[in-house]
Amino acid sequence: MSTYIFILGKHPELSIAELESRYPKHKILAKGGDFVVMDLSELIDQKEFDQLGGCIKAAKLAKEVGKEELVSGISDVLFDHYHDVKLDYGLSLYGTSESQLRTFLMKLKKKLRTDGIKSRFINNDFKNISSAQYKSIKRKGIELVILKNGNQFMIAEVVGVQDIDSYSKRDFDKPFRNMQMGMMPPKLAQILINLTGVKGCVWDPFCGSGTLVMEGLLMGRDMIGSDINPKHVEGAKQNVEWLKNNYQLPITNYELFEHDATEDFSGRFDAIAFEGDLGIPHNQFIHPDRLDEIVGDLDQLYIRFFENLKAMKGTAPIVAALPFFKLRDGDEIYLKNTLLAAEELGFKRDLDLKYSREDQAVGRDIYRFQLP
Ligand SMILES: C[S@@+](CC[C@H](N)C(=O)[O-])C[C@H]1O[C@@H](n2cnc3c(N)ncnc32)[C@H](O)[C@@H]1O
């Protein structure tokens, strides 16, 4: 068992739900606005971390000390990585104001010099380390996370950092993209898959460009993707081919085909995860009068989808990203009738969280349903 600090992304509650679902035997030791401390039996390294969509970095606890011993504690941890060659290091501070970094770094510099350790800190303007900086020191240096937890300070070694270049490559370089249809960020697809809490095959019945299928394949899952629009299915196939070539994946463990999600499906799967039809593009504010019609159509689609699932009698968990609409006056409209119908059909809902960007008029409500 090891203790890890996870630094959470822009939707902290969703990040915590993802961690709890991926590591069900976890024990949360401490929580703050942008971090969580967990005891885990799983090993977190960069490969494992790359499968978490909701966290920015993870660090493994090396030492816990009081304020007086902090500088010598950090020096001890750095010394373990020192091999008589100049050591590049960076510190990132959480749980307290980042402005204290300057004091820590200056004291540490003095201490390391006294201890005879040739080193250089890479913090720019005494700010926390960015993922690009981490990449630059990864092979020849070390980043430490310092977390103030009550009166104690945790000193932890960074073991995984969000690979923003790879996310953006997967998002923007794939051959089939369609902004009108709306595509979800790869990070969100990973979160949805992890929220299913199961390790087996995942079916995305509204696969669009195949984002969730691609992320599932990278996570080593068997994947099924289907969509009512043959052009989208063809595009998703092209995207998976692109993924295979660009990520050296000799994969065959997926299926992509045309299918109406409101109709019976006989394929075998262990969980359903999807971002469904959003009705309108993300960036389009809509007059409330027009919205009634859009929401009515979407409710109809999703109610038929749940009725069909009920008829299929499966008990697989269903993680759904359904749209909600922001009005200019600040109000939000969500698919109330879909939720009511799902409840009446007997689906239990144990997760209800938002994923939304300020500049977008359409956000996603993330729900998890299951038939008992
Ligand atoms: C917002 S897109 C999904 C985008 C996808 N998550 C991605 O990242 O590319 C919604 C998709 O639902 C599909 N769709 C709409 N109604 C459907 C139905 N009844 N059955 C299956 N797919 C449907 C649309 O063709 C569209 O591709």
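In listed order, ligands and their atoms are each counted from 1.
Aromatic ring centres of Phe325 and Tyr334: separated by at least 6.0 Å. Taking the six-membered ring wherever Trp is involved, the centroid distance between the rings of Phe121 and Phe104 does not fall below 6.0 Å.
Checked against a 3.5 angstrom limit, the closest N/O atoms of Phe206 and ligand 1 fall outside it. Taking only nitrogen or oxygen atoms, main chain and side chain alike, Leu301 does not reach within less than 3.5 Å of ligand 1.
Using a 4.0 Å cut-off between heavy atoms, Met183 contacts ligand 1 through both its backbone and its side chain. At a heavy-atom cutoff of 4.0 Å, ligand 1 is contacted by no atom of Ala189, backbone or side chain. Neither the backbone nor the side chain of Asn178 comes within contact range of ligand 1; no heavy atom lies under 4.0 Å. Looking at Pro205 against ligand 1, only its backbone comes within 4.0 Å, counting heavy atoms.
Protein heavy atom closest to atom 19 (N) of ligand 1, with residue, atom name and distance, is Asp260 OD1, 3.0 Å. In this structure, atom 1 (C) of ligand 1 lies nearest to the protein heavy atom Met181 O, 3.2 Å. The protein heavy atom nearest to atom 6 (N) of ligand 1 is Glu275 OE1, 2.7 Å. If you check which protein heavy atom lies closest to atom 15 (C) of ligand 1, you get Asp277 OD2, 3.4 Å. Scanning the protein for heavy atoms near atom 7 (C) of ligand 1, the closest one is Thr211 OG1, 3.3 Å. Among protein heavy atoms, the minimum distance from atom 22 (N) of ligand 1 is reached at Ile228 N, 3.1 Å.
Using a 4.0 Å heavy-atom cutoff, Leu212 is absent from the residues neighbouring ligand 1. Under a 4.0 angstrom heavy-atom cut-off, Ser226 registers as lying outside contact with ligand 1.
Taken to the nearest 0.5 Å, the CD atom of Gln51 stands 10.0 Å off from the CD atom of Glu215.
A donor-acceptor contact closer than 3.5 angstrom is absent between the side chains of Glu258 and His232. In the model, Thr3 has a side-chain atom that pairs as donor or acceptor with a side-chain atom of Asp39 under 3.5 Å.
Between Glu344 and Lys310, no side-chain nitrogen of the basic residue sits less than 4.0 Å from a carboxylate oxygen of the acidic one, so the salt-bridge criterion is not met. Taking a cutoff of 4.0 Å between a charged side-chain nitrogen and a carboxylate oxygen, Asp331 and Lys326 do not qualify as a salt bridge.
Closest heavy-atom approach to atom 13 (C) of ligand 1 within the set Asp227, Asn229, Thr262: this belongs to Asp227.
Using cut-offs of 30° and 60° for the angle between ring planes, the Tyr23 and Phe6 rings count as parallel.
Of all atoms in ligand 1, numbered sequentially from 1 with element shown, those under 4.0 Å from a heavy atom of His259 are 20 (N), 21 (C).
The side chain to side chain contact (heavy atoms under 4.5 Å, CB included) test with Lys169 singles out one residue from Asp173, Asp171, Asp165, and that residue is Asp173.
Put simply, the side chain of Phe265 reaches to within 4.5 Å of the side chain of Trp203, judged on heavy atoms.
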